[in-house]
Amino acid sequence: MDGSGPVPEAPPLSRRSHRLQQHQIRALLLTFLAYSAFHASRKPPSIVKSVLAPDPPNSTSSSAAGWHPFDGNRGPHRLGELDLAFLSAYSAGMYLSGHAADRLDLRRFLAGGMFGSCIATAAFGFAYWLDLHRLWFFVVIQVAGGFLQSIGWPCVVAVVTNWFGDSSRRGLIMGIWNSNTSVGNIVGSVLASCVLNFGWGWSFVVPALVIGLVGVLVFACLVPHPRDLALENMDCGVEMNVAIDSSAVNDDGLVESLNGKNSLISDETALLQHGLTEGKSCRGTEGEEEPIGFFEAWRLPSVASYACCLFFSKLVAYTFLYWLPFYIRHTAVSGEHLTHRTSGILSTIFDIGGVLGGVSAGFISDWLCARAITSVMFLILSVPSLILYRMYGGISLYFNIGLMFLSGFFVNGPYSLITTAVSADLGTQELIKGNSRALATITAIIDGTGSIGAALGPLLTGYISTWGWNNVFLMLILSNSLAVMCLTHIAKAEITRKKKQEVSSTIIDEESW
């Protein structure tokens with residue numbers, strides 16, 4: 001390189017690492033807020049179920065008649081069918097969204113899904129003021145909302161994995177980050193419950209405003225991938241004046257500018273040298289990674305097993321998500337039925353347990369280096385917790401809170417682990433040579449299959465609950481048992497691997513001695 005002046009020194013490595021951490025934290029926080037907002041906007045239907053459907057016998061509520069067409073004896077059935085409309089569209093949309101997320105700009109795609117979800121959620125609430133009672137209107141809104149909501153998960157998981165890559169603490173990081181689902185449920189439940197007395201329409205409009213505002217923040221500030229910092233200015237005010245070509249980056253972190261002079265690249269861009277050049281075996285002729293095929297992703301090891309496991313475990317989790325406030329409202333606690341508002345707020349205890357369950361599952365799976373063993377352990381322990389909640393949850397409010405927390409802890413633990421750390425592990429395995437553009441497709445396959453179970457659980461609950469809640473809990477226990485069976489062979493393989501590692505370690509120690 002020819003230069004007419006002294007060459008400026010590259011930024012120190014510690015400073016570069018600090019700037020990288022800043023971008024990682026920003027990506028983590030923005031995706032956390034984004035998916036929390038998605039879940040907050042999903043929560044209103046479960047909160048207003050007890051208002052739309054007839055109240056339990058001996059109720060003194062003024063809304064005992066319900067809201068047509070969800071009043072009458074078939075009210076719970078139609079509410080279950082409404083859940084089916086949303087979750088079926090969500091499941092189908094998940095496969096399409098994952099395929100699209102590997103090919104589109106993640107920032108724009110994610111923000112677009114959030115803006116669309118804002119409109120769909122608010123439209124449901126407008127039925128209150130417009131005095132709409134047509135079932136087809138609610139079904140159309142739920143179908144549209146389901147498709148738009150499906151955009152969120154593949155995008156946020158892809159962004160987080162892009163920024164954190166391979167990490168020995170992926171389970172813990174993802175476990176903490178995936179508390180966004182429970183945090184969103186809590187926020188959505190509290191917001192929808194607090195404004196419920198002003199009219200159930202407000203329970204939809206307020207969460208809709210939240211996801212819309214967060215969507216603006218995501219569109220303005222999210223950087224989906226480290227390499228995007230070198231391509232365009234999407235960093236909320238960080239100036240990028242030099243177009244970077246990975247082949248022009250030298251060992252000192254400098255680039256050749258177009259006029260032949262040396263220019264000092266920014267701290268962020270210096271960190272991208274490795275990211276811009278890695279994974280060439282997965283890229284096309286123009287330097288872009290080739291997206292993985294849908295059926296090719298299904299054939300990858302363990303993808304189908306974890307997808308089937310999530311089918312059953314998500315069936316249980318989403319039954320609680322959509323029906324727990326209704327169940328609390330229609331089940332006496334200490335001999336009394338709680339109000340709509342109290343039932344909605346009390347249901348957040350399940351999600352608080354889910355936050356700790358997801359973090360604990362991630363931590364344990366990292367410590368054991370065994371995702372399947374951890375998932376199976378939580379699924380097995382969820383069975384007695386569900387039995388205890390059903391049998392003794394009505395004794396007192398304290399029993400209800402404690403057993404609900406325990407159920408949330410064990411039910412959400414494996415659900416959280418599979419949808420985050422496991423999906424990231426499978427999406428970055430060696431067989432696809434680190435192709436980051438395969439991640440959204442694999443994530444969508446696993447969560448999309450789980451969403452089919454999520455659609456089935458609330459639908460069946462709407463019908464089975466009319467025969468008694470004991471039958472609903474029997475369905476949940478059976479579902480978690482089948483989820484265990486899906487992972488048994490993977491858990492056995494992990495146990496065998498760990499035994500071999502222990503034997504090898506013992507032999508090495510003996511030889512050293």
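What you are looking at is a predicted structure, and each value in this text was computed from that prediction instead of being measured.
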| task | Kindly indicate, with the supporting measurements, whether the criterion side-chain hydrogen bond (donor to acceptor under 3.5 Å, both in side chains) is fulfilled by T339 and T342. | result | CA-CA 5 Å; T339 65; T342 303; 2.8 Å; yes
| said: Quick check on the 6.0 Å ring-centre criterion: do F350 and F320 meet it? | reply: yes
| field | CA sep, side-chain torsions, deciding dist, call: S50, H340, side-chain hydrogen bond (donor to acceptor under 3.5 Å, both in side chains) | value | CA-CA 7 Å; S50 57; H340 299 296; 2.9 Å; yes
| said: Can a donor-acceptor pair be found, under 3.5 Å and without considering hydrogens, that links the side chain of S385 to the backbone of S382? | reply: yes
| note | Here the gap from I47 atom CD1 to S203 atom OG, rounded to the nearest 0.5 Å, amounts to 7.5 Å
| field | Parallel, tilted or perpendicular: ring planes of W129 versus W202, cut at 30 and 60 degrees | value | perpendicular
| task | Indicate yes or no for a side-chain donor-acceptor contact from R329 to the backbone of S343 under 3.5 Å, with no hydrogens or angles considered. | result | no
| Verdict with supporting geometry, S305 and H489, side-chain hydrogen bond (donor to acceptor under 3.5 Å, both in side chains) | CA-CA 9 Å; S305 297; H489 67 288; 3.1 Å; yes
| Option among Y415, F405, Y389, F378 that satisfies the ring pair (Phe, Tyr, Trp, His ring centres under 6.0 Å) test with F410 | F378
| Donor-acceptor contact present, side-chain H133 to main-chain H68, <3.5 Å | yes
| Any donor-acceptor pair under 3.5 Å linking the side chain of S179 with the backbone of I176? | yes
| field | N-O pairing of R78 and D83 below 4.0 Å | value | no
| said: Suppose we call two aromatic rings close when their centres sit under 6.0 Å apart. Are F86 and Y318 close by that rule? | reply: no
| Do K43 and L321 touch side chain to side chain, with heavy atoms closer than 4.5 Å? | yes
| said: For F138 together with F70, are the ring centres under 6.0 Å from each other? | reply: yes
| Can you find a heavy atom in the side chain of D351 that is under 4.5 Å from one in the side chain of V183? | no
| message | Once rounded to the nearest 0.5 Å, what's the spacing between atom CG of L403 and atom CD1 of I349? | response | 12.0 Å
| query | Are the side chain of N400 and the backbone N or O of S396 linked by a donor-acceptor pair below 3.5 Å? | reply | no
| remark: Value for CD1 (I345) from OG (S193), rounded to nearest 0.5 Å, stands at 5.0 Å
| said: Can you confirm whether or not the ring centre of Y128 sits under 6.0 Å from the ring centre of W200? | reply: yes
